[in-house]
There are 2 protein chains.
Amino acid sequence: MNTPITVAIVEDKELIRQSLAILVDGADGFACQATFETAEAALDHLPGQCVDVVLMDIDLPGMNGIDCVRHLKQLCPATQFMMCTMYDEDETVFEALKAGANAYILKRSPPHKLLEAITELHEGGSPMSSTIARKIASSFHISPTAPNELDILTPREREILDRLSKGHSHKEVAAELFVSPTTVRKHIFNIYEKLQVHSKIEAVNKYLGRK
Amino acid sequence: MNTPITVAIVEDKELIRQSLAILVDGADGFACQATFETAEAALDHLPGQCVDVVLMDIDLPGMNGIDCVRHLKQLCPATQFMMCTMYDEDETVFEALKAGANAYILKRSPPHKLLEAITELHEGGSPMSSTIARKIASSFHISPTAPNELDILTPREREILDRLSKGHSHKEVAAELFVSPTTVRKHIFNIYEKLQVHSKIEAVNKYLGRK
DNA sequence: CCGACAATACCGCATTTGCATGATTTTTTA
DNA sequence: TAAAAAATCATGCAAATGCGGTATTGTCGG
């Protein structure tokens with residue numbers, strides 16, 4: 001415990017902010033260096049003192065915690081951000097991760113779990129409340145409904161669609177595959193019929209599984 | 001602890017398999033119902049007895065653990081799979097998640113952590129070793145090189161690009177935004193210049209962050 | 001052997017798109 | 001407030017694209 005992990009807290013609710021500060025400061029090996037009521041206050045003062053870990057509430061008045069992380073991560077790349085929220089809503093989780101957060105825990109976590117999470121985060125891990133982690137894991141699962149659509153395409157059609165998805169034109173694909181441009185156009189036409197679309201972008205979106 | 005969590009273990013190394021079985025069976029609330037040396041053996045016998053949780057090694061002789069999960073997940077959708085491996089290589093993590101695994105821990109985890117993870121997994125969580133979780137979290141981060149590209153677009157240009165990405169033509173976008181089609185075309189032209197691309201698909205690929 | 005399908009290829013037409021040039025008005029910002 | 005940036009609109013051309021029909025060849029399964 002030579003040098004304690006320095007922590008900052010961004011949380012608008014007085015009671016929670018104080019509780020967290022006391023918990024962190026009271027524990028061995030941790031030092032609560034600053035607390036802020038708003039995202040704006042954190043943005044003003046944190047860049048100067050770049051702490052190790054920031055506990056960030058999401059539902060703040062004014063700027064929300066996610067946008068705050070997005071900005072702070074630019075200014076303090078070394079600082080680790082732990083989102084700390086009441087709810088486990090789908091969208092916010094992914095937005096927070098995109099913004100640069102490396103941990104996401106629910107406020108209902110027991111105190112010792114919280115301290116453990118801070119340590120893990122500081123050591124290069126990414127602690128997640130398990131329900132949060134499940135959401136993330138699920139987002140990787142291949143959906144069992146979609147794949148059939150692409151199954152009805154022939155290998156040649158998939159080949160062409162793949163090249164279209166990389167931004168190549170009829171002519172370019174034809175040259176790459178050593179066939180006539182009209183052939184490629186015919187294939188594309190067939191692909192559209194099978195996938196029930198009417199443009200390259202719609203076809204590519206289906207191909208890449210994003211609609 | 002009314003009904004214990006039933007567990008199966010797939011692991012080729014005798015010593016590790018035995019250790020895990022003893023650990024699980026010895027703990028309160030857990031029951032090790034089967035152990036297998038190979039993926040093939042698990043595929044043969046598991047579907048009949050569908051346990052709650054399967055601990056799956058990845059580096060198996062013959063079929064690897066990831067492909068094994070891919071097949072078993074179809075046959076036993078209710079069973080939860082925990083990948084259990086020595087190394088934390090990038091690709092295998094994501095492949096395992098895609099295959100349907102909901103937990104991924106390193107073998108070096110202490111025994112009590114392992115039991116805790118099994119419980120969490122069974123209760124709907126997705127326990128991950130923290131270094132694994134970091135990899136996953138990082139995969140969501142917007143790369144620090146790319147974002148500038150989209151930042152140089154104006155809000156209006158992003159709006160238009162977003163609609164293009166949904167497969168709308170410039171005419172449709174014009175109608176949606178109540179402006180002239182020529183205006184939309186001008187915007188699109190400006191977008192191409194800023195992103196250094198020459199077609200819709202290339203622009204949309206950059207917009208959606210996949211090149 | 002024959003029908004179904006895939007892959008190849010062509011013609012033609014209307015529309016969309018990529019690219020160039022130019023201009024006006026509003027908004028932002030220095 | 002003056003300069004810069006953004007949003008709006010227009011005209012025009014050549015190429016790419018979407019959509020329709022037609023036809024030949026080869027492969028595969030019944």
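Proteins come first, then strands; the chains are lettered A, B, ... in the order of their sequence lines, and each starts at number 1.
Closest of all the heavy-atom pairs between B:Ile58 and B:Asn64 is O-CB, 3.5 Å. Residues B:Pro127 and B:Met82 come closest through the heavy atom pair CG-CE, 4.4 Å.
In this structure, B:Arg185 atom CZ and D:dC9 atom C1' are separated by 12 Å, rounded to whole Å. Atom CZ in A:Phe189 sits about 17 Å away from atom P in D:dA23, given to the nearest Å. Atom NE2 in A:His187 sits roughly 18 Å away from atom C1' in D:dA16 (whole-Å rounding). In this structure, B:Arg156 atom CZ and C:dT27 atom P are separated by 13 Å, rounded to whole Å. Note: CG (A:Leu161) to P (D:dT17) measures 14 Å, nearest angstrom. Computed from coordinates, the A:Ile201 CD1 to C:dG18 C1' distance equals 14 Å when rounded to whole Å. The separation between B:Phe178 atom CZ and D:dC9 atom P is 12 Å, rounded to whole Å. Note: CD1 (B:Ile191) to C1' (D:dA7) measures 12 Å, nearest angstrom.
Across all strands, A:His198 comes closer than 4.0 Å only to sugar-phosphate atoms, never to a base (heavy-atom distances). Heavy atoms of B:Ser180 sit under 4.0 angstrom from primed sugar atoms or phosphate atoms, though from no base atom. In this structure, A:Thr154 reaches the sugar-phosphate backbone alone: every heavy-atom distance under 4.0 Å involves primed, P, OP1 or OP2 atoms, never a base.
Comparing C:dA9, D:dC9, C:dA7 by their closest approach to the side chain of A:Lys186 singles out C:dA9. For B:Thr183, the listed nucleotide lying nearest its side chain is D:dC9; candidates were C:dA6, D:dG18, D:dC9. Considering only the side chain of B:Val179, D:dT8 comes nearest among C:dG18, D:dT17, D:dT8.
Both B:Glu193 and A:Glu157 sit near DNA chain C, but only A:Glu157 has its closest nucleotide nearer the 5' end.
At the phosphate of C:dC19, neither OP1 nor OP2 sits under 4.0 Å from any side-chain N or O atom of B:Tyr192.
Residues from residues 162-177 of chain B lying near DNA chain D, meaning a heavy-atom separation below 4.0 Å, are absent.
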- Task: Start with the C-alpha distance between A:Thr131 and A:Ser129, add both sets of side-chain angles, then the distance that settles side chain to side chain donor-acceptor pair (under 3.5 Å), and finish with yes or no.
- Result: CA-CA 6 Å; A:Thr131 59; A:Ser129 287; 5.6 Å; no

- Task: Before giving the answer on side-chain contact (heavy atoms from CB on, under 4.5 Å), spell out for A:Asp12 and A:Leu60 the whole-Å C-alpha distance, their side-chain angles and the decisive distance to 0.1 Å.
- Result: CA-CA 6 Å; A:Asp12 60 321; A:Leu60 296 168; 3.9 Å; yes

- Worked check of side-chain contact (heavy atoms from CB on, under 4.5 Å) between A:Leu97 and A:Tyr104: CA-CA 8 Å; A:Leu97 290 178; A:Tyr104 200 113; 5.6 Å; no

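A salt bridge between A:Lys107 and A:Asp57 is present, with a side-chain N of the basic residue lying under 4.0 Å from a carboxylate O of the acidic one.
Ring pair A:Phe140/B:Phe94 is tilted by interplanar angle, where 30° to 60° counts as tilted.
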